Amino acid sequence: MKEIVKSLTYRQEPLESDVAAIRCIVESTDFFNAEEREIALELISERLLKGDSSGYHFIFAVRDGLVVGYSCFGPIMGTTASYDLYWLAVHNNCRGAGIGRQLLARSERLIAARGGERIYVDTASRNQYGPTRAFYLACGYRQEAHLADFYSPGDGKVIYVKVGLRQIYG
């Protein structure tokens, strides 16, 4: 699987074809419901329409011409140096190869280069997301909050943060 990461290229500029690629990725995971999948498509569509002024920034992991993973992040309006990581998703066929870790690190570096100091990530509290929560902890994030029953009864929102991006990435 590590050969997959070595064979990847990355790009930041979205293409029209990324709408279909993102649809394929979020559908492959079985993590996201129909409404969440539509939100993912809205963000890429907004970026394609408005460019940088949309506030949504992307990194795409590409293998053999196919997008196999992506991240989407942006500044949190009304803050001086905080960013949200809106999406980090890898096609189910490529999970476990380190692509998510690469996308996260690249996102953090770009955020630091843009003057970002901290990054927030939201995820669900249901059992299915246990590996996701462990992933963020392993990548140096700390749990900042748990909002019980946020998404639905028994499914809360867990918020993680990583602080000091400019110090980490200089």
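Here the structure is a predicted model, which is why all the values come from computation and not from measurement.
- For residues 88-116, the set of pairs meeting the ring-ring contact (aromatic ring centres under 6.0 Å, His included) definition, not counting sequence neighbours, is empty.
- At least one side-chain heavy atom of Tyr160 sits less than 4.5 Å from a side-chain heavy atom of Arg133.
- Side-chain atoms of Leu8 and Val62, non-hydrogen and from C-beta on, never get closer than 4.5 Å to each other.
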Taking distance alone, no hydrogens or angles, what donor-acceptor pairs closer than 3.5 Å link side-chain atoms of residues 134-142 to residues at least two apart or in another chain?
unit_1 : atom_1 : unit_2 : atom_2 : d
Tyr141 : OH     : Glu108 : OE2    : 2.7
Arg142 : NE     : Glu144 : OE1    : 3.1
Arg142 : NH2    : Glu144 : OE1    : 3.0

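- Evaluation of the side chain to side chain donor-acceptor pair (under 3.5 Å) test over residues 67-80, restricted to residues two or more places apart or in two chains, returns Ser71-Ser107.
- Applying the salt bridge (charged side-chain N to carboxylate O under 4.0 Å, His left out) test to every pair with at least one member in residues 67-87, sequence neighbours left out, gives no pairs at all.
- A distance of 6.5 Å separates CG in Leu104 from CD1 in Ile119, rounded to the nearest 0.5 Å.
- No path of Ile, Leu, Val, Met, Phe, Trp and Tyr side chains, each step under 4.5 Å between heavy atoms, connects Leu88 with Ile76, placing them in separate hydrophobic clusters.
- Note that CG of Leu66 and CG of Asn93 are 11.0 Å apart. Values are rounded to the nearest 0.5 Å.
- Using a distance-only test at 3.5 Å, with no hydrogens or angles considered, a donor-acceptor pair links the side chain of Ser45 to the main chain of Leu41.
- Screening residues 27-38 for side chain to side chain donor-acceptor pair (under 3.5 Å), with sequence neighbours left out, gives no hits.
- The hydrophobic clustering, which links ILVMFWY residues whose side-chain heavy atoms are closer than 4.5 Å, places Ile39 and Leu48 together.
- For the pair Phe73 and Leu110, the minimum side-chain heavy-atom distance is below 4.5 Å.
- Side chain of Asp18 to main chain of Leu15: a donor-acceptor pair is present (N/O by atom type, distance under 3.5 Å, no hydrogens or angles).
- Hydrophobic clustering (ILVMFWY, side-chain heavy atoms < 4.5 Å, transitive): Tyr120 and Val163 are in one cluster.
- Note: Arg166 CZ to Ile111 CD1 = 12.0 Å, rounded to the nearest 0.5 Å.
- Heavy-atom minimum distance, Val90 versus Gly100: CG2-N, 3.7 Å.
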Using side-chain contact (heavy atoms from CB on, under 4.5 Å), reason through Phe31 and Thr132 one step at a time and then give a plain yes or no.
CA-CA 11 Å; Phe31 274 71; Thr132 303; 4.0 Å; yes
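- Atom OG in Ser54 sits 13.0 Å away from atom CD in Glu42 (nearest 0.5 Å).
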Audit row: Lys162, Ile168, side-chain contact (heavy atoms from CB on, under 4.5 Å) steps and yes/no:
CA-CA 10 Å; Lys162 189 171 194 176; Ile168 295 168; 3.9 Å; yes
Between Arg47 and His57, does the side-chain contact (heavy atoms from CB on, under 4.5 Å) criterion hold? Intermediate values first, please.
CA-CA 8 Å; Arg47 170 57 194 228; His57 306 282; 3.5 Å; yes
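- By the rule that hydrophobic residues join a cluster once side-chain heavy atoms approach within less than 4.5 Å of another member, Val161 and Tyr169 end up as members of separate clusters.
- In terms of the side-chain hydrogen bond (donor to acceptor under 3.5 Å, both in side chains) criterion, Arg101 has no residue partners (sequence neighbours excluded).
- Here the closest heavy-atom approach between residue Gly69 and residue Ile25 is recorded as N-CD1, 3.7 Å.
- Atoms CD1 and SG, on Ile22 and Cys72 in that order, are 7.5 Å from each other to the nearest 0.5 Å.
- Among all heavy-atom pairs drawn from Val158 and Ser125, the shortest one is CG2-CB, 3.7 Å.
- How far CG of Asp52 is from CD of Gln12: 9.5 Å, rounded to the nearest 0.5 Å.
- The hydrophobic clustering, which links ILVMFWY residues whose side-chain heavy atoms are closer than 4.5 Å, places Phe32 and Ile44 together.
- The shortest non-hydrogen separation linking Leu165 to Gly116 is CB-O, 3.7 Å.
- The pair Asp149-Lys157 does not meet the salt-bridge criterion, since no charged nitrogen lies less than 4.0 angstrom from a carboxylate oxygen.
- The six-membered or imidazole ring of Phe60 lies near that of Phe58, with a centre-to-centre distance under 6.0 Å.
- At least one donor-acceptor pair under 3.5 Å links the side chain of Arg11 to the backbone N or O of Glu13.
- Among all heavy-atom pairs drawn from Gly55 and Pro75, the shortest one is O-CD, 3.5 Å.
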Passes side-chain contact (heavy atoms from CB on, under 4.5 Å), Val68 versus Arg95? Steps please.
CA-CA 9 Å; Val68 296; Arg95 288 186 63 206; over 6 Å; no
Under the criterion ring pair (Phe, Tyr, Trp, His ring centres under 6.0 Å), I'd like the reasoning laid out for Tyr56 against Trp87: C-alpha separation, chi angles, the key distance, then a yes or no.
CA-CA 10 Å; Tyr56 301 120; Trp87 287 88; over 10 Å; no
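- Distance alone, capped at 3.5 Å, places no donor-acceptor pair between the Glu117 side chain and the Ala81 backbone.
- Under a cut-off of 6.0 angstrom, the local environment of CG in Asn127 is sparse, with at most 12 non-hydrogen atoms contributed by other residues, nucleotides or ligands.
- Taking all atoms of both residues into account, the shortest heavy-atom contact from Ile99 to Ala61 is CG2-CB, 3.9 Å.
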